[in-house]
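For reference, the structure discussed in these notes is given below.
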Number of protein chains: 2
Amino acid sequence: MTSTNRKKSANADAAKGFARHDHDDCMSAAMSAAEVYCAEHSLQFTPVRRRVLEILLQEHSALGAYDILEKLREEGLGSQPPVAYRALDFLVSNGFVHKIERMNAFVACAHPGRDHAPAFMICRSCDMVAETQTAPTKESFNAAAQAAGFLIERTVVEAEGLCPKCQKEDTA
Amino acid sequence: MTSTNRKKSANADAAKGFARHDHDDCMSAAMSAAEVYCAEHSLQFTPVRRRVLEILLQEHSALGAYDILEKLREEGLGSQPPVAYRALDFLVSNGFVHKIERMNAFVACAHPGRDHAPAFMICRSCDMVAETQTAPTKESFNAAAQAAGFLIERTVVEAEGLCPKCQKEDTA
DNA sequence: CGATAAATGAAATAGTATAACATGACAAGC
DNA sequence: GCTTGTCATGTTATACTATTTCATTTATCG
């Protein structure tokens with residue numbers, strides 16, 4: 001799959017999660033939260049970082065690093081891979097963006113400002129990604145980990161399957 | 001990280017999971033199980049597929065596709081990437097091997113023959129991988145998924161952290 | 001201001017994975 | 001026996017993902 005050929009059907013309804021919502025609100029809230037967080041923690045919310053977060057919030061679906069890089073390039077914000085990866089590293093480290101390991105792609109966090117362990121539902125048909133919480137998961141996992149003496153620092157929980165829309169289309 | 005430079009410290013104790021066990025038994029049991037399963041399901045357990053599974057069982061830690069390919073090449077079993085990826089696809093599809101998304105690496109299943117949803121603990125220091133079950137996880141996740149109308153087909157659960165051995169070394 | 005740390009620019013390269021097409025092996029059915 | 005279909009393999013090329021490295025600039029703070 002080329003970066004530019006990444007499935008585009010994760011759009012419209014699907015791209016906004018399973019349920020509709022006010023996209024502008026959701027986006028400006030996330031940007032504000034990021035700004036506040038950076039100010040409070042003396043982090044530099046630089047133009048590239050800001051723009052990458054905006055792009056991911058706007059898209060509201062998972063994008064590959066090179067998809068993002070292409071947009072940055074068009075806007076004159078950078079042209080080499082490290083530009084995108086650095087910004088993504090920063091955003092991921094600070095919890096504004098999550099990496100979907102299953103897809104080698106990135107998605108804006110849907111719960112800005114909260115300290116959380118995210119879980120994702122990934123549609124194998126349209127590539128849509130929805131974020132949810134994983135609190136119960138983590139606890140039950142912790143039991144097994146503690147039994148083994150393993151210290152959990154971070155968890156990746158991703159479910160692959162079919163979103164409501166694509167289930168209907170399969171049936172149709 | 002080059003394929004050949006993949007951290008090697010996942011050896012000895014660590015490579016055998018957190019607890020020691022009879023490696024030969026564990027390996028021959030897994031091979032037998034695979035053989036039986038393939039016979040029962042009319043699947044071809046070809047030399048390359050067999051050898052890749054053996055390699056992963058022997059290593060007992062996660063290997064990249066190119067690490068495996070290199071071994072196959074040395075043995076004259078294949079030299080091009082698709083050789084390794086095809087065998088791995090087969091083994092993963094049939095549950096003999098799991099892919100660690102976090103590492104882009106593959107590990108032999110530690111619970112041969114069982115229909116299961118695996119979860120992994122990955123040591124960020126020595127790259128050791130331990131497999132455990134994720135039954136509770138799946139159920140709690142299912143609740144959120146059903147609420148969203150999402151149909152889960154497969155789950156990836158991976159915890160990153162420190163294994164007992166590396167925790168001690170950190171302290172030391 | 002000057003020192004230090006953080007961020008960016010730029011080039012090269014490493015690492016992971018698949019597409020596409022040809023060939024071979026083998027079993028089912030005529 | 002021959003054809004046909006299916007599954008597996010061989011081979012080439014290419015696509016996609018990510019990091020290393022070093023030079024340079026910009027921010028931050030004493």
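If you're wondering where the values come from, they're calculated on a predicted model, not measured in any experiment.
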Inset, instruction - Would you check, one step at a time, whether the test ring-ring contact (aromatic ring centres under 6.0 Å, His included) holds for B/Phe106 with B/His98? - result: CA-CA 6 Å; B/Phe106 300 84; B/His98 300 300; over 10 Å; no
Closest to the [X] side chain, choosing from [options]:
{"X": "A/Val48", "options": "C/dT8, D/dT19, C/dC21", "result": "C/dT8"}
{"X": "B/Gln44", "options": "D/dC7, C/dA6, C/dA17", "result": "D/dC7"}
{"X": "B/Gln80", "options": "D/dT12, D/dA8, C/dA7", "result": "D/dT12"}
{"X": "B/Tyr66", "options": "C/dT16, C/dG9, D/dA18", "result": "C/dT16"}

Value in whole Å for how far the [atom2] atom of [N] lies from [atom1] of [X]:
{"X": "A/Leu69", "N": "D/dA18", "atom1": "CG", "atom2": "P", "value": "12 Å"}
{"X": "A/Asp89", "N": "C/dA6", "atom1": "CG", "atom2": "C1'", "value": "14 Å"}
{"X": "B/Leu72", "N": "D/dT11", "atom1": "CG", "atom2": "C1'", "value": "16 Å"}
{"X": "B/Leu77", "N": "D/dA8", "atom1": "CG", "atom2": "P", "value": "16 Å"}
{"X": "B/Asp67", "N": "C/dA14", "atom1": "CG", "atom2": "P", "value": "16 Å"}
{"X": "B/Phe106", "N": "C/dA17", "atom1": "CZ", "atom2": "P", "value": "5 Å"}
{"X": "B/Phe45", "N": "C/dA25", "atom1": "CZ", "atom2": "P", "value": "21 Å"}
{"X": "B/Arg50", "N": "D/dA8", "atom1": "CZ", "atom2": "C1'", "value": "16 Å"}

Within the structure, does a side-chain N or O atom of [X] lie under 4.0 Å from either OP1 or OP2 of [N]?
{"X": "A/Ser42", "N": "D/dT28", "value": "no"}
{"X": "B/Ser79", "N": "D/dG10", "value": "no"}
{"X": "A/Lys99", "N": "D/dA18", "value": "yes"}
{"X": "A/Asn104", "N": "D/dA18", "value": "yes"}

Inset, instruction - Take the angle between the ring planes of A/Phe96 and A/Phe90 and call it parallel below 30°, perpendicular above 60°, tilted in between. - result: tilted
Legend entry - Worked verdict on B/Glu35 versus B/Arg50 for salt bridge (Lys or Arg N to Asp or Glu O under 4.0 Å): CA-CA 9 Å; B/Glu35 234 152 288; B/Arg50 172 185 300 273; 2.9 Å; yes
Legend entry - Nearest-nucleotide comparison on DNA chain D, the residue closer to the 5′ end among B/Arg49 and A/Tyr85: B/Arg49
Legend entry - For the student: nearest non-hydrogen atoms of B/Val48 and B/Leu77, plus distance: CG2-O, 3.7 Å
Inset, instruction - Taking all non-hydrogen atoms of both residues into account, name the closest pair between B/Pro118 and B/Glu131 and its distance. - result: CB-OE2, 3.4 Å
Inset, instruction - Would you mind telling me which residue lines up with the more 5' stretch of DNA chain C, A/Phe90 or A/Pro82, judged by nearest nucleotide? - result: A/Phe90
Legend entry - Given DNA chain C, 5'-ward residue of the pair A/Pro81 and A/Arg86, judged by closest heavy atom: A/Arg86
